[in-house]
Amino acid sequence: MMNKKIAVLPGDGIGPEVMTQALRVLNVIENEFGIKFEKQTCLIGGVAYDETGHPFPEETKKICDEVAAVLFGSIGGPKWADLPSELTPEQGALLPLRKRYGLFANLRPVIVYDGLENASSLKPEFLKGLSILVVRELTGGIYFAEPKSIDGNTAVDTMTYSQSEIERIAHCAFQIAMKRNKKVVSIDKANVLMCSKLWRDIVGKIANEYPEVECSHLYVDNAAMQLVRDPKQFDVILCSNMFGDILSDEAAQLTGSLGMLPSASINGETNFGLYEPAGGSAPDIAGKGIANPLAQILSLALMLRYSFNLEEAAVVIETAVKKTIADGLRTADIMSDGCRQLTTQQMGDEVLKRLN
Ligand code: NAD
């Protein structure tokens, strides 16, 4: 029987506020689809530090070890920024969490919802109907490889990629592309970097296993340009860790607001996943009841799709969000003329009404 245990980690700042709305949505989905998740809420981040002395307490690790997926809010804030680095919410909890569960595939859907085309700095005609998925390798490459040092006025970073690291993220991208528009653009800098030469070679070989998927390769500098020149040419973008970090933020800007962007970090071999909004704990608006809960609600949809294979339930949630936006309902971060501004809770109410 499938493991239906999930850990709920609301975290700091707006995390608990937006998580409340996602859990209301999950409740309705459970009833509608006749499924039941065993949910355990745990401490993580600054609140965990305040209560236990560590941002990623042993109790939370124990629970996360047993679940199939983690629904994550956000962590961090000025109160904890000056702690020793191993105790900060980001270094002490978020990175160890990703490492502990081998979350090597980061998926970031970049979707421009009808009615939000004007939220970006690009012209609306380039954005209407846009749907891109950035697949970023998350546990390898230059961010992790050794040696890494600063000695006087010389600094060293090392980039390494192994065949198996590239193969597993490439499979992940091609498998997802099979369920979308069957186009993968792989990003590299194969004209300069050895890691990129290997990357291009291996991605090309893996592509042969997916003959229905059209695979092409772009140098990262050209990709950065193409993404703002004609974003609709892309379906799935496959990137190494650093290139994905940069391009996914560039792509995020196409949608106009961080509050709309979900993300999934997955161990593509076990399907264990961590699902969280792309934004942070937004201390500037925390406690005011005005945060946009849609990124958290959409992260829940990704969890149902990728960790539990509940595609239909995921689509019900995504459709409800689309309808809510199309009906002119907005939180402050995406507000525009002629729309109705809602609180976090009211936005949750409106999504709930459209879940059918
Ligand atoms: P942030 O993403 O929290 O906020 C950036 C801006 O976006 C702010 O103006 C904020 O109000 C707005 N925003 C973000 N999410 C929103 C939402 N759902 N609705 C409406 N507006 C939203 O970035 P920051 O201010 O640079 O970082 C704040 C804290 O969050 C820091 O401690 C940072 O380290 C942490 N952080 C955590 C994560 C995570 O938990 N995965 C990710 C990024 C940043």
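Just follow the structure's listing: the first ligand is 1, and inside any ligand the first atom is 1.
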Report task. Give the residue, atom name and distance (to 0.1 Å) of the protein heavy atom nearest atom 12 (C) of ligand 1. Result -> A282 CB, 4.4 Å
**Report entry** For atom 27 (O) of ligand 1, closest protein heavy-atom neighbour
**Finding:** P283 CD, 4.6 Å
Query raised in the report: To the nearest 0.1 Å, how far is atom 6 (C) of ligand 1 from its closest protein heavy atom, and which atom is that?
Result: L258 CD1, 4.4 Å
Query raised in the report: So with a 6.0 Å cut-off around NZ of K99, is the heavy-atom count from everything else above 12?
Result: no
**Report entry** Under-4.0 Å heavy-atom contact between protein and atom 21 (N) of ligand 1
**Finding:** yes
Query raised in the report: Within a reach of under 6.0 Å around CD of E214, are more than 12 heavy atoms found that belong to other residues, nucleotides or ligands?
Result: no
Report summary line: Between I6 and V67, the two heavy atoms sitting closest are C-CG1, 3.7 Å
Report task. Give a yes or no answer on whether the side chain of K353 reaches the backbone of T324 with a donor-acceptor pair at less than 3.5 Å. Result -> no
Report task. Considering the heavy atoms of G259, write down every atom of ligand 1 situated less than 4.0 Å from one of them. Result -> 17 (C), 18 (N)
Query raised in the report: Can you tell me which residue and heavy atom of the protein come closest to atom 18 (N) of ligand 1, and the distance to 0.1 Å?
Result: N292 O, 3.0 Å
Query raised in the report: Counting heavy atoms only, which of K288, Q91, E90, K79 is nearest atom 32 (O) of ligand 1?
Result: E90
Query - Polar side chain donor-acceptor pair, S307 to N271, under 3.5 angstrom - result: no
Report summary line: Nearest non-hydrogen protein atom to atom 29 (C) of ligand 1, with distance, is S281 OG, 3.2 Å
Query raised in the report: Which of the atoms in ligand 1, numbered in the order shown and given with their element, are less than 4.0 Å from a heavy-atom of L94?
Result: 39 (C), 41 (N)
Requested in this report: Could you go through the side-chain contact (heavy atoms from CB on, under 4.5 Å) check for Y219 and R200 one step at a time?
Outcome: CA-CA 10 Å; Y219 295 139; R200 188 174 282 221; 3.3 Å; yes
Report task. Closest by any non-hydrogen atom to atom 8 (C) of ligand 1: pick that one out of I285, D284, D12, T344. Result -> D284
**Report entry** ligand 1 atoms in contact with S74 (distance to a heavy atom under 4.0 Å)
**Finding:** 40 (O)
Requested in this report: Measure up the W199 and Y161 rings against each other and bin them: parallel (under 30°), tilted (30 to 60°), perpendicular (over 60°).
Outcome: perpendicular
Report task. Kindly assign one of parallel, tilted or perpendicular to the pair F308 and F37, based on the angle between their ring planes and the thresholds 30° and 60°. Result -> perpendicular
Query raised in the report: Can you tell me the protein heavy atom closest to atom 16 (C) of ligand 1 and the distance?
Result: I14 CD1, 3.9 Å
Query - Over 12 non-hydrogen atoms of neighbours within 6.0 angstrom of CD in E167 - result: yes
Query - Step-by-step side-chain contact (heavy atoms from CB on, under 4.5 Å) determination, Y101 to N267 - result: CA-CA 7 Å; Y101 300 107; N267 179 328; 5.8 Å; no
Report summary line: The protein heavy atom nearest to atom 41 (N) of ligand 1 is E276 OE1, 2.9 Å
Query - Atom indices of ligand 1 within 4.0 angstrom of G77 heavy atoms, with elements - result: 32 (O)
Query - Closest approach of any protein heavy atom to atom 40 (O) of ligand 1, naming residue and atom - result: I75 N, 2.9 Å
**Report entry** From P89, G280, P78, G13 - option closest to atom 42 (C) of ligand 1 by heavy atom
**Finding:** G280
Query raised in the report: Which of the atoms in ligand 1, numbered in the order shown and given with their element, are less than 4.0 Å from a heavy-atom of G76?
Result: 32 (O)
Query - Heavy-atom protein contact below 4.0 Å for atom 34 (O) of ligand 1 - result: yes
Report summary line: Of all heavy-atom pairs linking L302 and E318, the shortest is CD2-OE2, 4.4 Å
